[in-house]
Amino acid sequence: MLRKLRLKFVAICMALVTAVMAVVFVSVYVSMERNVESLSRQVLHRVMQEVPIGGSGILRPDIDINIGGEQVLLPYFTVEVWGSTAYVTGGTYANLEDTEALQIILDTCLQQTAYEGTIEDYGLRYLRQENGLFQRIAFVDMSMEVSILRNMMGPYLQIALISLLLLLGVSILLSHWAVRPVEKAWRQQRQFLSDASHELKTPLTVILSNA
């Protein structure tokens, strides 16, 4: 019984701690995800401003963001759409002009009503801008967002696992301390029953012999 009581105490403690840590971890993850998405959108707006209109495929590998004091390059490319004709005007991608992949990306992007969104099949985030006779569209690779999130959340996961192991050890020690009064009372009860049984044996024996 005491063993089950200890296990129940440890299970309750670990469940409560795990629930609290899960809420904290999810909150941190959501916050970081929003920050990374915001940085990615900043890159899209910078691309719109810095890549010249009517460019000729000039690479601009200096479009980057600052994360934790480090400059991180997000792969991107820009396209100008004139009617049914599209021109790649800049970016870090090569050999995109007149490819089937580019056509599918543009068709998917232009079919969406929102001027800012994502193309999940190709892992791209886009920003569309109307310029009268043509449209400018900037695309940035979302796989970098996932990579950044993994790199940022990795240490948090390690800390969480180590914390859970330490808390498991502490919970086991606390379970012994918490159950100690119950264990003492249980032993006293058993001792009392043993003593009472022993003391009652003598008069019962005399009564039975006289009977």
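For clarity, every value in this text was computed on a predicted model and none was experimentally measured.
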When rounded to the nearest 0.5 Å, the distance separating CD1 of Ile119 from CD1 of Ile105 is 6.0 Å
Between the CD atom in Glu37 and the OG1 atom in Thr118, the distance rounded to the nearest 0.5 Å is 9.0 Å
Exercise. Report yes if some heavy atom in the side chain of Phe25 is under 4.5 Å from a heavy atom in the side chain of Leu157; otherwise report no.
Key: yes
Smallest heavy-atom separation, Leu106 atom then Ala86 atom, equals CD1-CB, 3.4 Å
Output for pair (Leu167 CG, Thr18 OG1), nearest 0.5 Å, gives 8.5 Å
With a 4.5 Å heavy-atom cut-off, do Met32 and Tyr156 have their side chains touching? yes
Between Thr89 and Thr78 the two heavy atoms that sit nearest each other are OG1-OG1, 2.8 Å
Quick one, Leu102 and Val88 - any side-chain contact, counting heavy atoms below 4.5 Å? yes
Rounded to the nearest 0.5 Å, the CZ atom of Phe139 sits from the OH atom of Tyr126 at a distance of 8.5 Å
For Val81 and Gly83 the tightest heavy-atom approach is CG1-O, 3.5 Å
*Is a donor on one side and an acceptor on the other found under 3.5 Å between the side chain of Thr108 and the backbone of Ile104?*
yes
Separation between CH2 (Trp82) and CG (Leu133), nearest 0.5 Å, reads 6.0 Å
List the steps and the verdict of side-chain contact (heavy atoms from CB on, under 4.5 Å) for Leu44 and Arg125.
-> CA-CA 8 Å; Leu44 286 174; Arg125 189 179 297 281; 3.9 Å; yes
Per side-chain contact (heavy atoms from CB on, under 4.5 Å), Ser27 is matched among Val24, Val30, Val23 by Val23
Is any side-chain heavy atom of Cys109 less than 4.5 Å from a side-chain heavy atom of Ile137?
yes
Query raised in the report: Asp107 and Gln103: side-chain donor and acceptor closer than 3.5 Å?
Result: yes
Check your understanding: Thinking salt bridges, do Arg128 and Glu116 make one under a 4.0 Å N-O criterion?
Key -> no
